[in-house]
Amino acid sequence: MEPPRVVVGISGASGMPYALDLLEALQGLAEVHLVLSQGAKRVLWEEMGLSPKDLYPLASRVYKDGDLGAPIASGSFPTRGMVVVPCSATTLAKVAWGLADTLLTRAAYVHLKERRPLILVPRETPLPLPTLRAMVQAAEAGAVVLPASPGFYHRPKEVKDLLGFITQRILDHLGLKAERAPRWGET
Ligand SMILES: Cc1cc2nc3c(=O)[nH]c(=O)nc-3n(C[C@H](O)[C@H](O)[C@H](O)COP(=O)(O)O)c2cc1C
């Protein structure tokens, strides 16, 4: 059986380790279609000293954000779902209000219109009213708003335990199974 296709969009919020952890978790689980926003390139460098090329081995296909003719821009290209991780306040607002002027935002728009899972992982604090409103709007439009806000009840010891908490919740929403963190009530 073909592995499910998952679109991963990386935008310019802090939290690049979350994107890396998800890409690693998807290895062998899904065919990853990756797109980075302009803002993501800057933050990827600032936070991890990486350039987009460093992520290429973790994806089946990588697209330019300006390539609005890419397969993931069309609803006729079947996917299991899309994750935007981390999701900047700018990208969140665009997605919430249907602005689709880049490949990342167009692919997110397509997932909403096709009623496929769209998981947005915002990282901002504190949250100003425009972003709070955008979260409500995105949720009403059908997206799952899954803030990069890990719990501590699994007693994390390392950063990877915090990343795994968020990655696992994302995978759960995609219907993909990978144990990245202990589950409450299970040993
Ligand atoms: C080092 C760095 C960290 C940033 N962190 C955040 C953040 O945590 N959340 C956020 O919404 N924007 C953050 N920004 C600002 C966004 O990158 C900026 O608003 C950008 O225009 C987002 O565009 P994009 O959504 O197309 O990537 C950060 C920028 C830099 C340079």
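Note: hydrogens, waters and symmetry copies are ignored here, and every other heavy atom, side chains too, is used. Start at 1 and go down the list; that is how both ligands and their atoms are numbered. If you're wondering where the values come from, they're calculated on a predicted model, not measured in any experiment. In what follows, residues are counted from 1 in the order of the sequence shown.
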Sole candidate of Arg5, His111, Glu31 that passes side chain to side chain donor-acceptor pair (under 3.5 Å) when paired with Thr79: His111
Under 3.5 Å, side chain of Asp54 to main-chain N/O of Ser51, donor-acceptor pair present? yes
Is any side-chain heavy atom of Val83 less than 4.5 Å from a side-chain heavy atom of Leu22? yes
Give the contacting part of Ser37 toward ligand 1: side chain, backbone, both or neither, where contact means a heavy-atom distance below 4.0 Å. side chain
Salt-bridge criterion met for Asp172 and Arg183 (N-O under 4.0 Å): yes
Test salt bridge (charged side-chain N to carboxylate O under 4.0 Å, His left out) on Asp101 and Arg106 and set out the steps. CA-CA 6 Å; Asp101 60 343; Arg106 169 66 190 171; over 6 Å; no
I need the nearest protein heavy-atom contact for atom 10 (C) of ligand 1: residue, atom name and distance, please. Glu124 OE2, 3.4 Å
Of all the atoms in ligand 1, which lie at a distance below 4.0 Å from a heavy atom belonging to Ala89? 10 (C), 11 (O)
With a 4.0 Å heavy-atom cut-off (strictly under), which part of Val43 contacts ligand 1: side chain, backbone, both or neither? side chain
Measuring from non-hydrogen atoms of Gln38 to any atom of ligand 1, is the shortest distance under 4.0 Å? no
For atom 9 (N) of ligand 1, the protein heavy atom that lies nearest, with its residue and separation: Arg123 O, 2.8 Å
How far is atom 22 (C) of ligand 1 from its nearest protein heavy atom, and which residue and atom is that? Ser88 OG, 3.7 Å
Between the side chain of Thr105 and the main-chain N/O of Thr102, is any donor-acceptor distance below 3.5 Å? yes
Aromatic plane relationship, His154 with Phe165 - under 30° parallel, 30 to 60° tilted, over 60° perpendicular: tilted
If you have a sec, work out which protein heavy atom is nearest atom 5 (N) of ligand 1 and how many Å separate them, to one decimal? Ser14 N, 3.2 Å
Which residue and atom name correspond to the protein heavy atom nearest atom 31 (C) of ligand 1, and how close is it? Arg42 CG, 3.8 Å
Write out the residue and atom name of the closest protein heavy atom to atom 20 (C) of ligand 1, then the distance separating them to 0.1 Å. Thr90 OG1, 4.3 Å
Salt-bridge present (Arg155, Asp161; N to O < 4.0 Å): no
For atom 13 (C) of ligand 1, what is the closest protein heavy atom, and at what distance to 0.1 Å? Gly12 O, 3.3 Å
A student checking ligand 1 against Ser11 at a 4.0 Å heavy-atom cut-off should list atoms 25 (O), 27 (O)
